[in-house]
Enquirer: 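Before I ask anything, let me first share the structure, which is written out below as structure tokens.
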Amino acid sequence: MIVARTIQQQLERASWIRRMFEEGARLKAERGAENVFDFTLGNPDLDPPAAVVEALREAAASHGPGVHGYMNNAGYADVRCAIATRLARSTGLPYTANHVLMTVGSSGAINTVLKAILDPGDEVIVLAPYFPEYRFYIENHAGRVVQVETGSDFQPDIGRIEQALTPRTRAIILNSPNNPTGAVYSAEVLAELDAMLGRAADPPLVITDEPYRAIVFDGVQVPETTALVRRCVTAMSWSKAWAISGERIGYLAISPRLEDADALRNACTFTNRILGYINAPAIWQRVVMDAADAAPKVAEYGRRRERMCAALERIGYKLMRPQGTFYVFPQTPLADDIAFIRELLREGILAVPGSGFGRAGYFRLALTAPCEVIERAVPGFERAFQRCIGIKPGAMQHS
Ligand SMILES: Cc1ncc(COP(=O)(O)O)c(C=O)c1O
């Protein structure tokens, strides 16, 4: 067999999201695309902000020697300096260009830092439910995934994290605002985490993955993780905020409070290179500096969230309204979330089972389809719900 056993096994475990995508293609061919409601992919469907498109035009028009050449593997110094200035302003910490490394999205940032800190068999804690790709990123670098459950409100459970620590724990991955739950981790819980790590003999590094930081609702403020957690690096990305997930631009920011910040920066500059990223795309580094103030289209996601949550709640689904991101993570009316996904499929609705994120009994909906599609999907959500709880469709009255 040409494919390595590890990859073959990972492919078999991989991605409910991909499986649902394939199922969707089959359904669309069978029923017509307008009768299939796809809520699987976290791939923003909106146009990027106008200022981003304009900055891209300008960057593409600028020529000169070296513009398209190799650079410092960490990225352009002026771009890193601009990002450090913003970070210093928002966190009150003395970030400089040396604390910032431009990366191929947030995924690139996470792989770069994991490669820099893991020896084979080292452990990384992920908080369930979690973005399923973390598992593969950790395994990419011969690490071992340790899954720790969050509480019923999807906030980190510091007691459980403390119990999961071993001498081999090298990192904890946090993700807030969270995919799939939409929860924003509170300042209190982050301070509690920091205090607990302060008592640990050999505290792990906290990797806070925050590509949804700009997408929050109802005036929610996302706490500055690095201001609250001492041993911290931030993986950041413009994929979601600017709807440019195909362009692959983000950064890794190493907290100035980390004693080994210099050593980690050198290691990460090297791992970013040897993983084959070399450096983040040159043109997009220019764009993120020039269009730094471009605002994401949060209002549209807010409308979709309202439509979807209100409709599901009216039907009887139990859910916690997301504070951020463009996901909703309701409970399934059947304990078996995969069986429930099949019920949704009968209605032409594509969603991802909670099992794919390490939490059975839930399902994830990505609000990357317009309100009109959400509205047309509602009767299907209602029929599926009623079948599952044994009510004949149409027999249930709503106030
Ligand atoms: C939690 C989380 N982290 C990272 C990523 C990957 O982001 P990027 O496109 O910046 O690599 C995603 C994408 O869905 C995500 O949901």
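Below, all heavy atoms of this structure are taken into account, side chains as well, without hydrogens, waters or symmetry copies. One-based numbering, in listed order, for ligands and for the atoms of each.
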Enquirer: How about Gln221: does its CD atom have over 12 heavy atoms from other parts shown lying under 6.0 Å from it?
Expert: no
Enquirer: Is there a heavy atom in Lys240 that sits closer than 4.0 Å to ligand 1?
Expert: yes
Enquirer: As a check for students: among Ser237, Pro44, Ser107, identify the option with a heavy atom nearest to atom 6 (C) of ligand 1.
Expert: Ser107
Enquirer: Using non-hydrogen atoms of the residue, decide whether Trp238 is closer than 4.0 angstrom to ligand 1.
Expert: no
Enquirer: Hey, is Gly250 one of the residues with a heavy atom under 4.0 angstrom from ligand 1?
Expert: no
Enquirer: Describe, in one word, how the ring planes of Tyr362 and Phe329 are oriented to each other, choosing from parallel (under 30°), tilted (30 to 60°) and perpendicular (over 60°).
Expert: parallel
Enquirer: For Tyr327, is at least one N or O under 3.5 Å away from an N or O on ligand 1?
Expert: no
Enquirer: Check each atom of ligand 1 against the heavy atoms of Gly105 and keep those under 4.0 Å away; list them by number with element.
Expert: 10 (O), 11 (O)
Enquirer: Between the side chains of Arg303 and Glu306, is the shortest nitrogen-to-carboxylate-oxygen separation below 4.0 Å, so that they form an ion pair?
Expert: no
Enquirer: Does an N or O anywhere in Asp209 fall below 3.5 Å from an N or O of ligand 1?
Expert: yes
Enquirer: Evaluate the criterion ring pair (Phe, Tyr, Trp, His ring centres under 6.0 Å) for residue pair Tyr212 and Phe131; output intermediate values, then yes/no.
Expert: CA-CA 12 Å; Tyr212 301 95; Phe131 177 50; 8.3 Å; no
Enquirer: Report yes if some N/O of Asn175 lies less than 3.5 Å from some N/O of ligand 1; otherwise report no.
Expert: no
Enquirer: When you look at Thr40 and Asp38, which way does the side chain to side chain donor-acceptor pair (under 3.5 Å) test go after all the steps?
Expert: CA-CA 6 Å; Thr40 54; Asp38 188 346; 2.5 Å; yes
Enquirer: Could you say whether the N/O atoms of Tyr137 and ligand 1 ever approach to under 3.5 Å?
Expert: no
